[in-house]
Every structure is written in structure tokens, then in C-alpha cells.
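Positions are given from 1 along the sequence. Remember, predicted model here, so these are calculated numbers, not experimental data.
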Amino acid sequence: MPVQPKKCVSCGKPLFGRVDKKFCDDYCRNSYNNQMKSGSNRLIRNINNALKRNRNILANILPDTEDTAKTLRGNMLEMGFQFRYCTHTYTNKKGNVYAYCYDYGYLKLDQDWILVVRNKEEKRERSPFVKS
């Protein structure tokens with residue numbers, strides 16, 4: 001009884017070489033794995049991409065030399081900003097709620113204006129146990 005060669009899981013070509021081989025080449029292996037992961041992670045990947053895009057838009061609005069900048073809501077929408085996605089919110093002592101995309105945030109001032117801010121890194125106290 002002749003032994004049938006194993007076939008590539010992705011494209012179905014006959015496999016030669018190692019007994020435990022599943023794919024004929026790297027292309028088929030990558031293609032197969034990407035296809036398997038695409039369905040379950042699509043939502044997460046799309047949200048992460050939207051968050052990155054939002055962060056980049058906020059970074060482009062705020063000059064490196066400034067801590068805050070004002071812009072129109074319409075300008076942000078034209079650049080592709082999606083207001084429904086943010087990483088976290090911060091409420092200051094006055095009760096204003098800032099929405100953040102990683103290290104850049106924004107505050108809705110009124111119907112049309114948005115204040116863009118950069119999160120300042122908090123100064124960390126040095127531990128008395130660490131020598132400098």
C-alpha cells in the first residue's frame with residue numbers, strides 16, 4: 001500500500017522533508033496563521049488603529065513647544081479623528097472631563113472648540129534605597 005505524502009495545510013501541495021512538516025513554505029505558514037487570527041482579533045486591531053490615529057492627530061495639532069492648543073471640532077473630524085475612542089479619562093478639580101488617547105488628551109470647550117493637551121509626566125520621587 002503506497003503512502004500518500006502529506007499536504008500543505010494552506011495550499012494543499014505535497015510536502016517533502018520532515019515528518020512533522022505542515023506547510024510547504026513561509027508564505028503558506030504566514031498566510032494560514034494570518035487567516036486564523038484575522039476573525040477573532042479584527043475588532044481589537046481596528047480599535048487599536050483608531051486609537052493610534054487619534055493620538056497622531058492630537059500630536060499634530062499640538063506643537064512641541066506648547067502645552068495646550070485650541071482647534072475646531074470640524075478640523076479634527078476632517079483629519080479622521082473618532083471621538084468615540086479614547087484610552088482613559090481624567091476629571092480635574094473643577095469637574096472638567098478630559099478624554100485621552102495615550103499621552104494626548106482633549107477637552108470639549110463648547111459646541112465647536114476643542115482644547116488639546118499633552119500629559120505631563122509626573123516627577124517620580126527617587127527611592128532612598130537607590131544609589132545614584
Side-chain angles (χ1 to χ4, degrees):
M1 189 153 102
V3 177
Q4 292 284 339
K6 289 177 77 176
K7 294 186 178 185
C8 175
V9 176
S10 181
C11 68
K13 291 181 183 175
L15 296 176
F16 302 101
R18 292 177 32 174
V19 178
D20 61 343
K21 195 171 183 180
K22 294 181 183 180
F23 305 100
C24 59
D25 58 18
D26 288 338
Y27 177 80
C28 280
R29 179 178 49 83
N30 286 330
S31 174
Y32 178 81
N33 287 327
N34 287 339
Q35 191 175 22
M36 287 294 114
K37 291 181 180 180
S38 68
S40 62
N41 294 330
R42 183 175 295 141
L43 175 65
I44 295 167
R45 186 173 45 249
N46 289 342
I47 292 172
N48 284 337
N49 288 336
L51 287 169
K52 288 178 196 174
R53 188 178 320 108
N54 281 355
R55 189 233 179 245
N56 290 338
I57 291 168
L58 293 172
N60 287 334
I61 292 170
L62 187 60
D64 290 336
T65 58
E66 300 293 325
D67 289 334
T68 63
K70 278 198 215 177
T71 188
L72 290 170
R73 185 177 194 278
N75 292 344
M76 292 174 71
L77 289 172
E78 284 178 12
M79 289 187 258
F81 196 87
Q82 296 180 34
F83 283 94
R84 67 176 174 234
Y85 295 117
C86 69
T87 56
H88 62 286
T89 59
Y90 170 73
T91 306
N92 67 6
K93 292 178 183 176
K94 294 179 183 177
N96 298 329
V97 179
Y98 291 79
Y100 276 86
C101 294
Y102 303 107
D103 55 338
Y104 286 88
Y106 63 92
L107 172 67
K108 294 178 184 177
L109 297 175
D110 61 21
Q111 197 74 335
D112 294 329
W113 287 97
I114 304 287
L115 177 69
V116 179
V117 297
R118 182 182 298 113
N119 188 15
K120 297 177 186 173
E121 287 189 35
E122 296 176 17
K123 293 183 180 178
R124 297 182 186 138
E125 292 183 24
R126 286 190 1 196
S127 170
F129 304 108
V130 177
K131 291 182 180 180
S132 44

With distance as the sole test, does [X] use its side chain to make a donor-acceptor pair with the main-chain N or O of [Y] at under 3.5 Å?
X     : Y      : answer
Asn54 : Gln82  : yes
Asn75 : Thr71  : no
Thr87 : Tyr102 : yes
Asn60 : Asn56  : yes

(message) Using a strict threshold of under 4.0 Å (side-chain N to carboxylate O), is an ion pair present between Arg118 and Asp103?
(response)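 A salt bridge is absent here (no side-chain N lies under 4.0 Å from a carboxylate O).
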From [atom1] ([X]) to [atom2] ([Y]), nearest 0.5 Å:
X      : Y     : atom1 : atom2 : answer
Tyr32  : Cys8  : OH    : SG    : 10.0 Å
Lys6   : Asp20 : NZ    : CG    : 7.0 Å
Leu62  : Ile57 : CG    : CD1   : 14.0 Å
Lys22  : Arg18 : NZ    : CZ    : 11.0 Å
Glu66  : Thr68 : CD    : OG1   : 6.5 Å
Leu107 : Lys70 : CG    : NZ    : 11.0 Å

(message) Do Tyr104 and Leu77 land in one hydrophobic cluster if side-chain heavy atoms of ILVMFWY residues count as linked below 4.5 Å?
(response)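 In one cluster: yes.
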(message) Please say yes or no: joined through hydrophobic side-chain contacts below 4.5 Å, possibly via intermediate residues, are Phe16 and Val9 part of one cluster?
(response)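 No, separate clusters.
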Considering only heavy atoms from C-beta outward, does the side chain of [X] approach that of [Y] to under 4.5 Å?
X     : Y      : result
Met76 : Ile114 : yes
Arg55 : Leu51  : no
Phe23 : Asn30  : no
Cys24 : Leu15  : yes

(request) Applying ring pair (Phe, Tyr, Trp, His ring centres under 6.0 Å) between Tyr106 and each of Trp113, Tyr100, Phe83, Tyr98, report the one that passes. (result)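 Of Trp113, Tyr100, Phe83, Tyr98, ring pair (Phe, Tyr, Trp, His ring centres under 6.0 Å) with Tyr106 is met by Phe83 alone.
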(request) For atom NZ of Lys7, decide whether the heavy atoms of other residues, nucleotides or ligands shown that lie under 6.0 angstrom number more than 12. (result)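 No, NZ of Lys7 has 12 or fewer neighbouring heavy atoms, counting only those of other groups under 6.0 Å.
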(message) Using every non-hydrogen atom in the two residues, find where Ile61 and Val116 come nearest and quote the distance to one decimal.
(response)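 Smallest heavy-atom distance, with atoms named: CG2-CG2, 3.9 Å.
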